[in-house]
Every structure is written in structure tokens, then in C-alpha cells.
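Taking it in order: structure first as C-alpha cells, then the write-up.
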Amino acid sequence: MKLSLKRLFGRSMTGGLDLAETPPPPSPRSAARKTALVSLALVLAIIGALAGGYYFAMRPVTLKIAVGPANSDDVKVVQTLTQAFTQSKGQVRLRPIQTDGATASANALAEGKVDLAIVRGDLDVPKNAQAVATLRKNVVVLWSVPGKGKKRGAKITKIAQLAGHRVGVVGRTQANVNLLKVILQQYNVDSAKVEIVQFPANEVAEAIKAQKADVYLAAGPVNSKITADAIAASTKDFGAPTFLAIESADAIAQNHPVYEASEIPAGTYGGSPARPEDEVKTISFSHHIVARKGVSETTIAAFTRQLFAVRQQLVTEFPLAAKIETPDTDKDAVIPVHPGAAAFVDGEEKTFLDKYSDYIWWGLMALSAMGSIGAWFAGYLKKDERDNNSHLRERLLDMIAAARKSETTEELDQMQAEADEILRDTLRCYDHGAIEEGGLTAFNIALDQFHAAVADRKAVLFSLPQNLQRASAQFRAAGNA
């Protein structure tokens with residue numbers, strides 16, 4: 001092909017001038033080379049898009065988590081998890097948002113102010129909340145103290161005896177008061193006949209010493225330090241407490257699905273004799289980590305995976321982390337599980353390619369289709385130019401026959417000038433991509449044949465005497481007339 005192009009540009013066109021001596025026209029860019037460059041640019045663009053998509057999909061995501069109240073075990077757990085997530089350099093990071101308690105945390109999630117929240121299972125859970133993990137299970141502990149002096153009353157051993165007595169509820173949250181009322185209702189004890197006294201956890205010892213109540217209720221983990229300290233204070237001032245069993249725990253759980261029947265093992269709170277001496281039946285409820293429904297499934301799956309990955313690392317320095325459990329994935333669960341957490345628990349978590357392979361495949365197919373349509377459209381736009389050049393090539397073939405019959409050199413020179421214009425048009429079409437190398441080769445063959453016909457005919461005409469040339473021209477002109 002390179003030799004053909006040299007012959008095209010080196011051939012004498014008009015007046016015996018060699019085009020090689022004139023400034024050559026710009027070298028036409030190969031259509032194949034254009035296609036290769038465009039394809040390379042397209043491939044690089046796709047790679048860049050995939051790399052950018054992977055970066056944005058895998059970059060660390062910070063989730064805001066609502067937890068409270070201040071200095072509670074929940075806050076300590078979340079702070080520990082926040083540090084562990086940062087140190088592990090995982091995909092998910094945490095930003096604790098401290099609230100006044102579980103109710104305030106639930107409201108923050110409902111209003112979309114946070115992504116995660118620590119909520120109590122026995123409170124109203126926001127409609128947009130989905131379970132991610134069970135942070136801990138809490139048991140209800142009820143115990144009575146005999147009192148001293150004038151405040152010493154009859155020994156209380158059963159919940160049914162609480163009417164007319166004072167019950168001290170540890171903690172300022174209304175949820176614990178509601179919990180007590182559920183228990184009283186089960187035993188047909190009118191809550192209006194029970195004096196309920198609330199005090200914060202840090203005032204438990206003083207309240208017990210001042211005999212502010214006859215019976216105390218605390219709710220927390222089995223090994224809760226707050227509960228243990230309260231029972232220890234009761235023992236110190238009034239002797240061994242009496243633990244009140246909730247024998248109707250199964251019935252309460254049946255009527256209120258947010259509660260479960262549970263037991264307090266013998267000796268949970270130490271002492272000699274053990275406190276309690278025997279297993280005590282009670283009810284329990286859970287604190288849950290819930291996520292806003294709109295949070296990405298991928299993000300929650302990554303959070304759940306990190307949560308259980310660091311849990312074992314934190315047990316030695318923070319025992320409460322051992323209480324974290326996977327959520328209930330049953331369809332009839334009290335709090336529906338988040339799809340991301342369910343994918344992790346069920347072992348169906350998808351990788352990046354699993355999630356986006358279909359999009360990538362269809363994207364490539366779409367790009368390929370767009371490329372094909374673009375190539376067809378580009379070819380369609382050049383159809384007229386290609387057809388015109390095809391007609392010019394047919395004209396060049398006709399000029400070969402006309403050159404062999406020409407009677408004067410002037411006609412041959414005119415045909416050579418026309419061939420120059422056809423050559424320029426052909427090179428322009430090639431440069432625009434309207435014709436390919438195969439078409440240029442065919443044109444080159446036709447042009448060679450035309451040059452050969454002109455050269456041969458000029459040789460014949462130059463060999464004839466001048467008078468014969470003029471006579472032939474006159475005869476031909478007369479015949480045309």
C-alpha cells in the first residue's frame with residue numbers, strides 16, 4: 001500500500017510536472033488507526049469508570065449512631081466499638097450521637113437524624129427501624145428488704161403482696177415504670193395502689209439506706225454492676241434480701257412478645273449464702289442495634305461483619321461486648337431484620353462483583369451497541385460522499401477508453417486535469433474515512449491504467465505528422481456536427 005501511495009504522488013499529472021516536486025498534501029490518517037484510537041479511549045474510559053465506581057463503593061462510610069443516656073453501659077459499648085472500627089480501618093466508621101436515653105435515640109432514628117440507634121425492645125420501635133444486632137439481654141430483678149425500726153413491715157415474698165407498698169424503680173426512664181405496671185397487671189395488682197418511687201442509679205445505695213421503698217426493681221444484664229451494687233447495699237443494711245420470682249413469665253411473654261421468659265441463676269450476685277439461693281424465674285427484654293430502613297444493604301452488611309469481627313477482640317477488656325448477638329432473622333420477628341444484616345447472618349452477603357456484575361455486563365453491552373450504532377451512523381453520514389466518489393471512479397474508467405480514442409493532446413491534457421480533481425476528491429474521502437484502503441487500492445489501479453492509456457495515446461499522436469493531426473481533428477469535429 002505504501003508503494004501505491006508513492007506511485008500516486010510521484011506520477012506526473014499535468015504539463016509533465018512531477019507532483020513529488022510540489023508540497024505534498026497532508027498524509028491521510030488511516031480509518032483503522034482512528035478506530036483503534038477511539039477503541040483505546042473507550043476502553044480507558046470504561047476502566048476509569050469501573051475504578052471510580054469501585055472506589056466510591058468501597059470507600060469508608062461513617063454511620064451516625066444514637067445512644068444514651070450518658071455514662072450508661074450502652075454508651076461505653078458504642079465508644080469502644082467506635083475506637084475498634086477506626087483501628088481496624090474497616091469500610092464502616094461510627095460517630096456516636098449521645099441522647100437522653102433509648103426513647104430519644106428511637107426518635108432520632110425515626111426523624112432520620114441518625115443511621116443507627118440503640119433502642120429497648122419493650123418500647124415503641126420506629127416504623128423505619130430494622131434490626132441489625134442484639135446488643136444485650138436484660139433481666140428484671142425484684143427483691144424486697146425487711147426494713148428496720150418503725151419502717152419494718154411484713155415480709156414480702158410474692159408480687160401479689162405489693163398492693164399498699166412502695167416499689168423503688170432504679171433509673172429515671174419511664175420504660176422501667178411501664179415494665180413494673182405490666183408485671184402488676186399480670187398479677188391483678190392495681191398499680192394505683194402501689195406507690196412507685198424512681199431514683200437514678202447513682203442514688204440507689206442512699207435510697208435503700210433511707211428505706212425509701214419496700215421492694216426494688218432493677219433491669220439490666222444478668223451481671224449488671226448497678227443491680228449487683230444495689231443488692232449488696234440491701235444486704236449490708238438489712239440482711240439477705242428476698243428475691244421475688246415472676247412465675248407468670250411465660251404468660252407475660254405470650255401476651256407481650258417483646259418480653260421473654262428467663263431465669264436468674266443461683267448465686268448470680270455472690271454472697272454466702274448465695275444470692276439468690278435458688279434459680280429465680282423472671283422476664284427479660286433486649287437492647288437492639290437498629291438501622292434506618294433507607295441505609296444501604298451493603299453498608300449494613302459491612303457494619304454487621306465488622307461488629308462481630310471485633311466483638312471477640314473486645315471481650316477481654318470489655319466483657320459487655322460478649323453479650324452482642326445476631327438478630328432474629330425469622331419473618332415473624334418483633335423487629336424485622338435489615339436485609340444487610342440478614343445477608344451476613346445467613347451467609348448470603350454479596351461481593352462487589354456479585355452485586356454489580358449485571359450492571360457492568362449490561363453497561364458493556366450498551367457501550368458496544370452504542371459503538372455499533374455510532375459506526376453505522378458515521379457510515380450513513382458519509383454515504384453521499386462515498387457514492388459520489390464511486391461515480392468519479394467510474395468516470396475515471398470511462399476516461400481510460402476515451403483517452404485511447406482521443407485525437408488531440410489537448411483533450412488528453414483536459415482529461416489529466418480532470419483526473420487530478422478526481423485524485424484530490426479520493427484522497428479527501430480517504431482522509432474523512434468515507435473509503436478504506438481497499439477502495440483506495442482499486443482507485444490506484446484505475447489511475448495507473450488511465451496514465452498508461454494517456455501515455456500510449458500521446459506517443460501515437462506525437463508520431464503522426466501535424467497535418468494529419470489537424471485533419472483528424474477537423475474530420476471528427478465535422479462528424480460531431
Side-chain angles (χ1 to χ4, degrees), residues 67-84 96 98-102 105 118-122 134-145 167-173 175-177 179-180 197-210 212-213 215-244 262-277 279-280 282-289 311 313-325:
V67 59
N71 301 320
S72 64
D73 290 338
D74 292 345
V75 171
K76 295 175 182 177
V77 170
V78 170
Q79 289 175 343
T80 304
L81 289 175
T82 301
Q83 295 174 0
Q98 190 167 297
T99 64
D100 294 333
S105 298
I118 308 298
V119 301
R120 279 180 60 150
D122 60 338
T134 299
L135 184 62
R136 57 185 169 87
K137 288 189 175 181
N138 309 277
V139 294
V140 177
V141 184
L142 278 165
W143 74 96
S144 65
V145 293
V167 177
V169 177
V170 180
R172 288 295 190 183
T173 174
N176 286 345
V177 174
L179 174 58
L180 174 61
V197 182
Q198 279 188 276
F199 39 83
N202 57 358
E203 297 178 7
V204 174
E206 295 180 5
I208 292 175
K209 187 175 181 179
K212 291 184 177 181
V215 175
Y216 296 89
L217 178 147
V222 172
N223 60 348
S224 170
K225 187 176 184 301
I226 295 175
T227 305
D229 290 345
I231 293 174
S234 301
T235 304
K236 179 181 177 181
D237 294 326
F238 304 101
T242 301
F243 289 88
L244 280 61
S262 187
E263 297 83 22
I264 302 173
T268 296
Y269 303 108
S272 180
R275 299 190 297 267
E277 294 183 358
E279 185 178 84
V280 177
T282 185
I283 59 174
S284 64
F285 61 92
S286 298
H287 270 59
H288 301 279
I289 301 177
R311 181 188 61 173
Q313 303 172 13
L314 303 177
V315 169
T316 54
E317 58 183 87
F318 201 81
L320 285 176
K323 305 297 182 182
I324 301 174
E325 299 177 0

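What you are looking at is a predicted structure, and each value in this text was computed from that prediction instead of being measured. FYI, side chains are in, hydrogens and waters are out, and symmetry mates aren't considered; it's all heavy atoms of this structure. In this chain, numbering begins with 1 at the start of the sequence shown.
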Legend entry - Pairs meeting criterion salt bridge (charged side-chain N to carboxylate O under 4.0 Å, His left out) with involvement of residues 199-208, two or more places apart: none
Between [atom1] of [X] and [atom2] of [Y], what distance do you get to the nearest 0.5 Å?
X	Y	atom1	atom2	result
Leu244	Thr282	CG	OG1	10.0 Å
Asn138	Ser286	CG	OG	7.0 Å
Tyr269	Thr235	OH	OG1	12.0 Å
Asp73	Lys323	CG	NZ	11.5 Å
Ile118	His287	CD1	NE2	8.5 Å
Phe285	Arg136	CZ	CZ	7.5 Å

Inset, instruction - Report, as yes or no, whether the 6.0 Å neighbourhood of atom CG on Asp100 holds more than 12 heavy atoms from other residues, nucleotides or ligands. - result: no
Inset, instruction - Count the heavy atoms belonging to other residues, nucleotides or ligands that lie under 6.0 Å from CG of Asn202, then report whether that count exceeds 12. - result: yes
Inset, instruction - Indicate yes or no for a side-chain donor-acceptor contact from Thr80 to the backbone of Lys76 under 3.5 Å, with no hydrogens or angles considered. - result: yes
Legend entry - Donor-acceptor contact below 3.5 Å, side chain Gln198 vs main chain Thr173: yes
Inset, instruction - Begin with the C-alpha distance, continue with both residues' side-chain angles, and end with the deciding distance and a verdict on side chain to side chain contact (heavy atoms under 4.5 Å, CB included) for Thr242 and Val145. - result: CA-CA 7 Å; Thr242 301; Val145 293; over 6 Å; no
Between [Y] and [X], is there a side-chain heavy-atom distance shorter than 4.5 Å?
X	Y	answer
Leu314	Leu81	yes
Ser262	Ile283	no
Val167	Leu180	yes
Val75	Pro96	no
Leu142	Val215	yes

Inset, instruction - Can you sort out the partners of Ser105 under side-chain hydrogen bond (donor to acceptor under 3.5 Å, both in side chains), two or more places apart, ordered by chain and number? - result: Thr99
Inset, instruction - Can you sort out the partners of Asp229 under side-chain hydrogen bond (donor to acceptor under 3.5 Å, both in side chains), two or more places apart, ordered by chain and number? - result: Lys225
List the atom of [X], the atom of [Y], and the distance in Å for their closest heavy-atom pair.
X	Y	answer
Thr227	Ala218	OG1-CB, 3.7 Å
Ala274	Gly267	CB-CA, 3.7 Å
Leu217	Asn176	CD2-O, 4.4 Å
Arg275	Pro241	CD-CD, 4.0 Å
Asp74	Gly68	OD2-O, 4.4 Å
Ile324	Arg311	O-NH1, 2.6 Å

Legend entry - Gln83: partners by side chain to side chain contact (heavy atoms under 4.5 Å, CB included), with sequence neighbours left out: none
Legend entry - Chi angles and distances behind the side chain to side chain contact (heavy atoms under 4.5 Å, CB included) call for Leu135, Val77: CA-CA 9 Å; Leu135 184 62; Val77 170; 3.7 Å; yes
Inset, instruction - Mind checking ring-ring contact (aromatic ring centres under 6.0 Å, His included) for Tyr216 and listing every partner two or more places apart, or none if nothing turns up? - result: Trp143
Legend entry - Derivation and outcome, side chain to side chain contact (heavy atoms under 4.5 Å, CB included), residues Ser284 and Val139: CA-CA 4 Å; Ser284 64; Val139 294; 4.1 Å; yes
Inset, instruction - Under the salt bridge (charged side-chain N to carboxylate O under 4.0 Å, His left out) rule, collect the residues that match up with Lys137, sequence neighbours excluded. - result: Glu260
